[in-house]
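Order of the sequence lines sets the chain letters (A, B, ...), proteins ahead of strands, with each chain counted from 1. Bear in mind the structure is a predicted one, so any value in this text is a computation, not a measurement.
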Number of protein chains: 2
Amino acid sequence: MAELLNLNRLAYFTTVMETGSFTAAADRLGVAKAVVSHQIGKLEEELGATLLQRTTRRVTPTEEGRLFYDRAMIILREAEAAYGEISRGAVEPSGTLRLTAPLDYGTKMVAPVMAAYLRTYPHMRVEAIFDDAVSNLVDEQIDLGIRVGWLADSSNQARRLGTIRQIVVASPGFAASLPPDVTPRQARSLAWVGNAQLRGIGQWLFSREGETVLTELNPVIMCDKSPAALACVLAGIGLGVFPDYSVSDDIAEGRLVPVFADWSLPSGGIHAVFPPARFRPAKVRTFVDLLAAAERRRSRGVATA
Amino acid sequence: MAELLNLNRLAYFTTVMETGSFTAAADRLGVAKAVVSHQIGKLEEELGATLLQRTTRRVTPTEEGRLFYDRAMIILREAEAAYGEISRGAVEPSGTLRLTAPLDYGTKMVAPVMAAYLRTYPHMRVEAIFDDAVSNLVDEQIDLGIRVGWLADSSNQARRLGTIRQIVVASPGFAASLPPDVTPRQARSLAWVGNAQLRGIGQWLFSREGETVLTELNPVIMCDKSPAALACVLAGIGLGVFPDYSVSDDIAEGRLVPVFADWSLPSGGIHAVFPPARFRPAKVRTFVDLLAAAERRRSRGVATA
DNA sequence: CAAACTGTCTGATCTGATCATACAAAAGGG
DNA sequence: CCCTTTTGTATGATCAGATCAGACAGTTTG
């Protein structure tokens with residue numbers, strides 16, 4: 001495995017074969033005649049065979065030359081195809097996109113984007129892993145991770161797609177049972193549905209026009225999965241804190257109502273995180289663009305609602 | 001057709017893929033780690049895509065990397081095969097040997113060597129052009145030319161295979177009709193069969209132990225093909241001058257007898273001439289070796305006869 | 001926490017590709 | 001037959017880029 005073949009010389013050789021002249025080949029390649037002459041000489045030396053019979057006037061291939069030309073052309077075509085395929089993949093999505101997203105955000109936001117993505121790029125394949133907090137993008141060979149909340153990772157590159165607001169909601173029935181002038185200050189005395197998915201379980205910071213209230217909630221039920229917690233709130237068990245995207249439909253259709261609507265909780269970010277790489281494949285870039293657009297649409301919708 | 005792809009980097013990449021490590025790849029390639037790192041980086045830059053995910057601890061291919069590896073392996077295998085095929089051709093005969101030889105020498109000497117050659121290298125093909133004085137080896141794509149007599153060409157490389165002696169012969173019947181003490185001095189008064197193939201038609205220089213006779217012959221028949229001239233002599237029309245190889249059989253079997261046996265005519269050379277080339281293919285080299293051996297055998301046979 | 005190993009970076013070095021020019025040989029034109 | 005043009009090659013200067021040795025930061029392992 002000692003000596004490497006210098007494959008770059010193949011292009012010189014095939015060009016000479018095609019043009020039938022060193023001078024013409026040099027022109028086409030944009031180098032000096034002497035370079036072509038030298039490179040062909042080196043190639044012949046490597047092969048230990050004469051490829052081209054050169055009179056001062058004409059250059060004709062030997063039998064070896066003709067044989068080698070066919071092989072060289074195959075190699076170059078193959079190489080061009082390989083380079084093209086990969087380089088095109090940098091422009092146009094191709095292959096399989098492996099992504100991961102939190103379950104609730106995934107079902108609400110990512111799944112529709114996946115559908116749109118597959119409509120736009122029908123020959124793509126998508127593998128989605130809907131799980132909260134995936135360990136390692138590199139080990140799992142994941143192209144794209146969606147993280148909602150507050151980024152913990154540091155080594156991965158990330159792009160912010162949007163913002164989540166956390167909203168306190170209750171079923172209309174439960175909301176009606178609350179005192180009309182209730183504020184977060186009475187939070188501890190109310191019935192809460194806890195959601196282990198969101199951080200800051202212990203304390204929540206409510207704020208309104210510079211006025212802030214830091215309070216502990218008092219979960220009467222603690223669920224470790226968002227959909228379960230949501231189901232509890234829908235059932236009228238108590239108040240719950242959820243990211244806007246997961247309750248917006250229920251609010252719009254009257255199944256839930258916001259509570260403390262003029263107060264706000266700390267907002268988190270929605271981030272796309274990528275494994276460390278010099279270049280971002282098109283399949284990832286386009287998907288993230290789609291998702292970001294969906295996020296912008298959503299935030300406008302929320303803003304106007 | 002502007003930018004050339006640097007195909008040499010493919011070997012770096014495949015080695016990293018196979019060893020699964022930059023360090024191991026560097027070892028196998030016999031270069032520094034930094035070189036491999038740099039070359040892979042350049043390759044990824046050329047492609048505009050990341051091929052290998054590298055943690056400090058492990059290196060895993062991306063989807064593009066795995067895809068590209070397959071293509072790269074095909075290319076490298078193809079290249080190795082192409083180089084091998086040609087390089088092997090420099091050691092072991094392969095392909096087609098195109099040769100040219102004079103008709104008479106060809107039928108007597110070259111044809112048997114061709115037979116032996118094909119027995120030794122059964123997968124070879126030979127194209128023989130039996131014609132006297134072929135114009136241009138390069139234009140006709142001829143690998144090997146046999147020239148008998150006196151070399152005129154200058155630009156081609158040549159190798160001397162042997163010597164021809166020219167012999168004056170006659171049929172036994174015609175020889176019997178000659179005066180027993182006839183010498184070349186009486187040449188002009190004898191009946192000659194002319195052979196346009198041999199040069200020096202006009203005058204012949206006979207020599208014996210320092211004694212020389214320059215004389216003109218007197219052709220009663222002039223043939224432009226050696227075999228025809230030979231047929232005339234065999235028919236007893238007159239004396240003829242022929243190269244030794246073309247009459248040795250007839251002499252041995254008594255159909256012809258030498259005349260002026262103790263005189264000699266200018267001897268010529270038998271040469272193998274080659275088109276200008278840096279390297280001589282094995283198919284040519286081996287054939288010439290065989291022919292040279294046959295010539296040595298012949299000259300010994302003549303010497304002992 | 002230390003040791004070993006990873007891939008990458010840095011600056012010096014040097015191979016080898018490239019260039020501009022000159023040249024010999026051959027073909028074509030007058 | 002001379003002259004011009006065009007061929008591929010030779011030459012020496014120049015420069016890009018490959019290579020190397022060593023240092024480095026990060027991770028895994030014990």
Exercise for the section: Tell me whether the centres of the aromatic rings in B:Phe130 and B:Tyr105 are closer together than 6.0 Å. Expected result: no
Problem - Results of ring pair (Phe, Tyr, Trp, His ring centres under 6.0 Å) for B:Tyr117 - residues two or more places apart only - result: B:Tyr121, B:Phe287
Handout entry: Under 4.0 angstrom between A:Ser21 side-chain N/O and D:dG8 OP1 or OP2
Key = yes
Practice task
Write down the distance between CZ (A:Phe22) and P (D:dA10), rounded to a whole number of angstrom.
Solution key: 11 Å
Exercise for the section: Give a yes/no answer on whether the side chain of A:Thr23 brings an N or O atom under 4.0 Å of OP1 or OP2 in D:dT6. Expected result: no
Handout entry: Exam field: side chain B:Ser37 to backbone B:Lys33, donor-acceptor pair closer than 3.5 Å
Key = no
Exercise for the section: Quickly work out the A:Glu45 CD to D:dT9 C1' distance and round it to whole Å. Expected result: 15 Å
Fill in the blank from the handout: When rounded to whole Å, the CD to C1' distance for the pair B:Gln39 and D:dA18 reads 7 Å
Exercise for the section: Name the nucleic acid region contacted by B:Val36, choosing base, sugar-phosphate or nothing; use a 4.0 angstrom heavy-atom cut-off, strictly under. Expected result: nothing
Problem - Value in whole Å for how far the P atom of C:dG7 lies from CG of B:Leu51 - result: 15 Å
Fill in the blank from the handout: B:Asn8 atom CG is separated from C:dG16 atom C1', nearest whole Å, by 12 Å
Exercise for the section: Report the distance from atom NZ of B:Lys33 to atom P of C:dC5, rounded to the nearest whole Å. Expected result: 11 Å
Problem - side-chain N/O B:Asn6 vs D:dA18 OP1/OP2, d < 4.0 Å - result: yes
Practice task
Would you sort out whether B:Glu78 and B:Arg71 count as a salt bridge (Lys or Arg N to Asp or Glu O under 4.0 Å), showing the intermediate values?
Solution key: CA-CA 11 Å; B:Glu78 197 74 41; B:Arg71 318 284 309 238; over 6 Å; no
Exercise for the section: Compare side-chain N and O positions of A:Arg54 against OP1 and OP2 of C:dA25 and report whether any pair is under 4.0 Å apart. Expected result: no
Practice task
Give the rounded distance in Å between these two atoms: NZ of B:Lys42 and C1' of D:dA18.
Solution key: 10 Å
Handout entry: Separation of atom NE2 in A:His38 from atom C1' in D:dG12, rounded to whole Å
Key = 13 Å
